[in-house]
Trainee: 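This is the structure I want to talk about, given as structure tokens.
This one's a predicted model, so the numbers in the text were calculated from it and none came from an experiment.
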Amino acid sequence: MADEKGPKKLGTFAGVFTPSILTILGVIMYLRMGGLVGEVGLIQMILIILVATTITFITGLSIAAIATNMDIKAGGAYYMLSRSFGVEMGASIGIPLYIAQTLSITLYVLGFSESFMVIGNYLVDKLPEGIAVIIAPWVTIKIVAIIIIIAVLGLAFIGITKAIFVQYIIMGLIAISLVIFAATANYTGSGGLVLVGNSGFAGFGPAFSLFFPAVTGILAGVSLSGDLKKPEKSLPRGTISAVLVGGAVYLVLAVLFAVGVSEDSLLNDGGMVMINSAGGFPGLGILILFGIWGATISSAIGSILGAPRTLQAMAKDDLVPSKQLNSFIAFMPKGRTEPVVALLISFLIAFVATVIADLNVIADILTMFFLATYGMINLAAGLEKLIGNPSYRPKFNVPWFVSLIGAAACFIVMIYLNVVFALIAIAVIALIYFLVKRRKLKAQWGDIRRGFWLYLVRLGIMNLKAQPMDRRNWRPILLAFVTLDKTGEDLVDFAYWLSNKDIVTFCHLVYGDVEQEAEKRRKKLKELNALVSRRSFVNFPEVDVVKDFSSGVALVAQANGIAGIESNTILMGWPNRDNWRPFGKVLRTLDGIKKSMLILHPNYVEDVYERTFRIDVWWSMGDDESDLKFLLAYLITLNDEWKDHRIVLHTAVMNAGQKRKMTKVLEHAIIESHLDTVRYEIHTINKISEYMDLVQQVSHDAELVMFEFQVPDEEHEMIFLDKLEDRLKKLPTSILVRSNRLFELARQRDKD
């Protein structure tokens with residue numbers, strides 16, 4: 001995002017504390033606080049205030065940590081989250097946050113209208129009857145709200161510095177109204193002490209949900225981050241001080257309501273509790289009313305200043321799928337600090353909501369979206385600290401567990417308050433995330449995600465290292481050496497079929513000097529990326545410059561992977577005759593370093609591929625390769641292309657004793673596999689030399705054949721490979737298997 005071009009003139013008090021505290025001490029305090037105390041009583045009300053303030057305080061700490069670690073630009077909470085979790089998560093929270101900020105305008109103007117109706121109805125009653133009949137239908141909450149929201153828009157257009165000056169006046173009116181209420185409350189005993197409240201109310205959850213928007217005011221200051229002189233200093237100081245002052249005021253008010261106002265008045269006087277408490281003192285009630293009006297107007301101003309800036313920040317990050325529309329939304333006239341188009345859009349949304357919405361319903365929606373935003377801010381700060389990103393160096397340090405506790409508290413409270421609304425909010429966030437993800441936006445900044453996954457990888461490796469390897473938990477971790485041709489395409493396909501969510505590394509070798517072949521290496525890596533992208537699965541392509549094939553394979557095979565998850569199975573294609581000598585050396589080298597080997601020999605003869613839907617696995621008595629071949633065949637059948645194929649286990653014996661033994665072995669293997677479709681066939685031969693003839697005869701019509709191979713010694717390798725190639729040409733596509741690790745076909749009863 002580009003830096004803000006408008007002047008940044010606001011300090012801590014004007015730019016953060018004032019809009020935050022005026023939004024905190026707003027419509028909920030004046031119009032709902034008294035009723036809540038009457039409903040749930042002082043004890044539960046104090047608990048509600050403490051829980052809500054604690055969550056907000058922890059969020060304030062997290063905001064302080066993030067703000068002192070990065071150069072905060074316009075966009076407030078959206079900017080923080082998008083630069084921490086990436087543009088997708090920033091959008092998934094930023095859009096609901098923007099909606100919540102916009103609906104807050106509606107919440108506050110409806111609150112103003114509700115309180116205005118007291119004096120409005122009084123004035124209508126004083127009018128002559130003929131005029132009153134005409135005027136009365138127009139003096140309604142909705143009509144007043146529409147007039148006020150238009151007035152608030154006008155205040156926003158005069159400029160942020162002048163709007164803040166208006167808020168100073170309003171802050172004075174609020175302070176006067178609170179002092180008057182404290183001084184005029186009835187402490188003589190007639191008020192009583194409301195400790196428990198009315199048992200008929202739904203309880204803590206609904207009361208908390210209705211109250212929580214009161215403490216979301218800290219985002220009013222955060223949203224003005226682009227208009228601050230020094231956001232890294234102003235955001236921590238202004239936010240935390242506003243939370244503490246607001247929490248203290250609410251606690252004192254809760255006590256004053258419980259001690260100085262009767263339960264009947266709390267329950268029945270609605271938003272007029274504070275005004276009525278000063279009823280015995282002529283003129284003071286109107287000053288409290290001015291405080292109510294000022295609080296609601298200032299909160300609406302704070303929201304209408306903050307919401308457009310969030311929208312403008314998202315537009316600057318190209319979240320709208322139109323470059324022209326993004327520029328239009330982010331437009332700001334020269335010499336002004338107000339994003340005019342974003343301001344008008346926010347006004348229209350708030351205006352429509354004002355016409356059709358209900359105050360309490362809006363409060364419930366706001367609670368969910370603000371809690372989700374708070375939770376993600378805390379999560380960002382906590383994870384940054386936990387994973388120890390070197391770039392995360394906040395001057396305001398918060399222990400990682402404090403922020404994560406705050407995040408957990410937000411999400412737990414969401415579920416507790418209203419599981420349906422919580423799930424809807426989460427669904428909206430998830431939907432926005434995936435829609436933005438599909439657009440594949442390229443952010444020009446780093447974020448927490450790579451560091452987070454690195455932390456999990458490191459944690460996983462530490463735990464993996466402590467777990468012993470045995471036959472049951474062995475699984476193939478493939479290193480595939482590929483050429484950039486048709487053979488390479490086949491090898492990529494088989495690596496995909498064999499991977500089953502495991503790790504696959506594709507390696508292409510370039511021969512020569514590392515420095516001289518640097519450009520060729522980059523070119524080949526681009527080609528390799530294109531080749532492996534033919535299949536959508538997790539893989540890691542690399543191109544290595546080596547001296548020659550045999551030494552290169554040996555070096556890469558030993559170096560690939562990290563402790564605990566190094567490659568254990570090498571996948572290669574069948575070589576051309578010119579490369580048989582180095583290929584034989586590679587086989588001996590890999591066998592010596594205990595790597596399992598798979599050699600793919602594709603067969604492109606058309607009549608071989610008649611649909612028999614059969615995978616033939618040749619099982620030899622007492623060899624380790626047989627278990628591995630069976631496992632690989634099973635992994636292949638997990639893929640859509642092979643799911644209708646049946647596995648047939650074949651073996652060759654020379655006498656009845658061997659047949660009885662192999663019958664038990666194969667039946668046990670099938671029982672242990674829990675694969676009902678597997679069957680076996682036992683064939684009889686007279687001598688070992690007939691084995692490959694039998695394989696050719698039996699498996700000529702299979703679609704895939706797997707059998708073991710022996711590593712040839714250097715003296716006989718050419719003769720061995722020549723005979724083997726002759727056999728392979730007469731077989732369907734084959735995979736030759738050499739095992740050098742323990743493994744066992746994992747139980748898959750639940751999956752199958």
Trainee: List the atom of A65, the atom of P394, and the distance in Å for their closest heavy-atom pair.
Mentor: O-CB, 3.2 Å
Trainee: Can you tell me how far CG of D722 sits from CZ of R727, rounded to the nearest 0.5 angstrom?
Mentor: 11.5 Å
Trainee: Where is the tightest heavy-atom contact between V711 and M597, given as atom of each residue plus distance?
Mentor: CG2-CE, 4.1 Å
Trainee: For a quick test of reading the model, state the closest non-hydrogen atom pair linking I377 to I66 and the distance between them.
Mentor: O-CD1, 3.8 Å
Trainee: Go through the side-chain N and O atoms of S551 and D548 and say whether any donor and acceptor fall under 3.5 Å apart.
Mentor: yes
Trainee: May I ask you to check whether Y496 and N539 show a side-chain donor-acceptor distance below 3.5 Å?
Mentor: no
Trainee: Go through the steps to decide whether K524 and L484 satisfy the test side chain to side chain contact (heavy atoms under 4.5 Å, CB included), and finish with yes or no.
Mentor: CA-CA 8 Å; K524 292 298 182 182; L484 302 175; 3.6 Å; yes
Trainee: Compute whether any side-chain donor of one residue and acceptor of the other, for S62 and N378, lie under 3.5 angstrom apart.
Mentor: yes
Trainee: Between E715 and R581, does any side-chain N to carboxylate O distance fall below 4.0 Å?
Mentor: no
Trainee: Could you state the interatomic distance from CG (L498) to CG (N639), rounded to the nearest 0.5 Å?
Mentor: 8.0 Å
Trainee: Examine distances only and state if a side-chain atom of Q658 and a backbone atom of M654 form a donor-acceptor pair shorter than 3.5 Å.
Mentor: yes
Trainee: Any luck finding a side-chain donor-acceptor pair between W574 and E725 under 3.5 Å?
Mentor: yes
Trainee: Nearest 0.5 Å, please: how far is CZ in F630 from CG in L635?
Mentor: 11.0 Å
Trainee: Give the C-alpha distance, both sets of side-chain angles, the deciding distance and a yes or no for salt bridge (Lys or Arg N to Asp or Glu O under 4.0 Å) between E690 and K687.
Mentor: CA-CA 6 Å; E690 298 176 358; K687 50 186 178 181; 5.0 Å; no
Trainee: Is it true that atom CZ of R660 has more than 12 heavy atoms of other residues, nucleotides or ligands lying nearer than 6.0 Å?
Mentor: no
Trainee: State plainly whether the residues R679 and E681 are in salt-bridge range, i.e. N to O under 4.0 Å.
Mentor: yes
Trainee: Rounded at 0.5 Å granularity, tell me how far OG1 in T483 sits from NE2 in H508.
Mentor: 8.0 Å
Trainee: Once the angle between the rings of W618 and H650 is folded into 0 to 90°, is it parallel (under 30°), tilted (30 to 60°) or perpendicular (over 60°)?
Mentor: parallel
Trainee: So, R521 and D544, do they make that salt bridge, N to O below 4.0 Å?
Mentor: no
Trainee: Return the orientation label for the W642 and W497 ring planes: parallel under 30°, perpendicular over 60°, tilted otherwise.
Mentor: perpendicular
Trainee: Go through the steps to decide whether Y680 and V648 satisfy the test side chain to side chain contact (heavy atoms under 4.5 Å, CB included), and finish with yes or no.
Mentor: CA-CA 5 Å; Y680 69 89; V648 181; over 6 Å; no
Trainee: For N397 and K385, does a side-chain donor sit closer than 3.5 Å to a side-chain acceptor?
Mentor: yes
Trainee: To the nearest 0.5 Å, how far apart are CD in Q558 and CG in L590?
Mentor: 9.0 Å
Trainee: Where do L704 and I636 come nearest, in terms of heavy atoms and distance?
Mentor: CD2-CD1, 3.5 Å
Trainee: Between G382 and L404, which heavy-atom pair has the shortest distance, and what is it?
Mentor: CA-CD2, 3.9 Å
Trainee: When rounded to the nearest 0.5 angstrom, what distance separates CZ in F709 from CD1 in I735?
Mentor: 12.0 Å
Trainee: Are E717 and R588 within salt-bridge range, i.e. N to O under 4.0 Å?
Mentor: yes
Trainee: Write down the atom of I685, the atom of A652, and the distance for their closest heavy-atom approach.
Mentor: CD1-CB, 3.9 Å
Trainee: Got a donor-acceptor contact below 3.5 angstrom from the N576 side chain to the D578 backbone?
Mentor: no
